[in-house]
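Keep in mind that what you see is a predicted model, and the values were worked out from it rather than measured.
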Amino acid sequence: MSDSAASLFSPDLIFYGTHADSPAALLAQLSDELTARDLIGDGWLDAMLERERRFPTGLAMPAINIAVPHVDTIYVRKPYIALVAPAAPVRFEGMAGQDPVDATLIFNLGIANKSDQVGALQAVLDICMDPTTVYKLGQAGSAEELYRAICEHFGYTR
Amino acid sequence: MTAHIIVACGSGVATSQTVATKVERLLKAANADAEIEAIDYKQLRTSIRSADIYISIVKEDTDWGVPVFNGVAFLTGVGQDAELKKLLAAIDDVNNR
């Protein structure tokens, strides 16, 4: 059975105000956080950097710039979605040769099983296409507020 | 004949699946005669031989000899209507072969 995308978000995996001046710096910090929680395996960071170099994931959505870095399932131990809201936008190369984007939110998709987490990216895109949610995410001043905006998007509160 | 469309992304774990699902829904709504398959970029060289249309989510420098469409439009919705229109015309061409 598919995991619901909502269940992949966790308050513990939302990072607000991260200082990073490049995707590599941001992903290195995220790697430490995910490793500490035993969510990823060895080689995740190298695979991530290589994949982002060859197949970048910056996306200019209508109301927000995001990046959706993800790697092959072999590097992911348990499924998750991590969200990083950096202190200042981080420039990611655009997907498919599109212009670079200054991403204000970075959604890292931890996909451990292709068929179980098939809805994860679409859920992230839905979040970023919903004007109300995008507004709330933009106004959020803490990880808790980001998480609340996401919960409200999915129609439940914790 | 039915148009065979492939969608490729870097690892085949998220992006190509998501684009394929989205495009499949749009094509169904438009009653288009097409089948769509998400693949890993590593399979592209093989899969392209049996494909009529390729939707790309990676930077393309190669001429694959089939019409190529911009998959990012189907992810962000930006430029999606225009891309869908062109895609439907390409499917028509294949259907009329």
Side-chain angles (χ1 to χ4, degrees), chain A residues 2 5 8 44 47-76 79 81 93-101 107-126 128-131 134, chain B residues 5-29 36-45 47-48 53-64 66-84 86-87:
Chain A
S2 306
L8 296 175
W44 182 90
M48 185 62 98
L49 295 175
E50 171 64 9
R51 180 155 201 270
E52 204 55 36
R53 190 181 65 73
R54 291 189 61 204
F55 305 111
T57 61
L59 283 173
M61 304 295 288
I64 186 170
N65 288 334
I66 64 169
V68 290
H70 54 278
V71 281
D72 199 86
T73 51
I74 57 169
Y75 299 101
V76 180
I81 299 175
E93 293 299 319
M95 198 180 281
Q98 309 270 311
D99 292 338
V101 303
F107 292 89
N108 165 225
L109 310 173
I111 295 173
N113 181 306
K114 245 197 251 195
S115 50
D116 287 353
Q117 285 98 47
V118 70
L121 177 58
Q122 190 58 55
V124 166
L125 297 173
D126 289 344
C128 296
M129 279 198 229
D130 174 21
V134 168
Chain B
I5 306 173
I6 54 171
V7 188
C9 73
S11 55
V13 298
T15 324
S16 56
Q17 295 284 346
T18 303
V19 171
T21 305
K22 177 80 174 284
V23 173
E24 189 165 41
R25 203 168 62 219
L26 294 169
L27 294 183
K28 200 169 270 179
I36 187 158
E37 184 191 3
I39 61 162
D40 180 322
Y41 195 74
K42 291 194 284 288
Q43 302 164 251
L44 182 61
R45 204 165 281 280
S47 297
I48 199 101
I53 292 167
Y54 168 35
I55 298 177
S56 173
I57 326 161
V58 301
K59 196 167 179 221
E60 282 300 341
D61 305 313
T62 311
D63 178 3
W64 295 104
V66 297
V68 179
F69 292 88
N70 165 19
V72 176
F74 298 106
L75 287 176
T76 63
V78 179
Q80 179 178 300
D81 292 349
E83 207 62 15
L84 178 62
K86 285 192 282 176
L87 177 61

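The parts of A:Gln122 that come within reach of chain B are both its backbone and its side chain, each placing non-hydrogen atoms under 4.5 angstrom from that chain.
When all heavy atoms of B:Thr76 and A:Leu59 are compared, the closest pair comes out as CG2-CD2, 3.8 Å. Among all heavy-atom pairs drawn from B:Val78 and A:Ala60, the shortest one is CG2-O, 4.1 Å.
In this structure, OG1 in A:Thr57 is found 12.0 Å from CD1 in B:Ile57, a value given to the nearest 0.5 Å. Atom CG of residue A:Asp72 and atom CG of residue B:Asp40 lie 7.5 Å apart, to the nearest 0.5 angstrom.
B:Thr15 places none of its side-chain heavy atoms less than 4.5 Å from the side chain of A:Val68.
Between chain A and the options B:Ser56, B:Gly10, B:Cys9, heavy-atom pairs under 4.5 Å are most frequent for B:Gly10.
Screening A:Met129, A:Met95, A:Met61 for a side-chain contact (heavy atoms from CB on, under 4.5 Å) with B:Leu75, the sole residue that qualifies is A:Met95.
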query: What do the steps show when you test B:Gln17 against A:Leu121 for side-chain contact (heavy atoms from CB on, under 4.5 Å), and what is the final call?
result: CA-CA 9 Å; B:Gln17 295 284 346; A:Leu121 177 58; over 6 Å; no
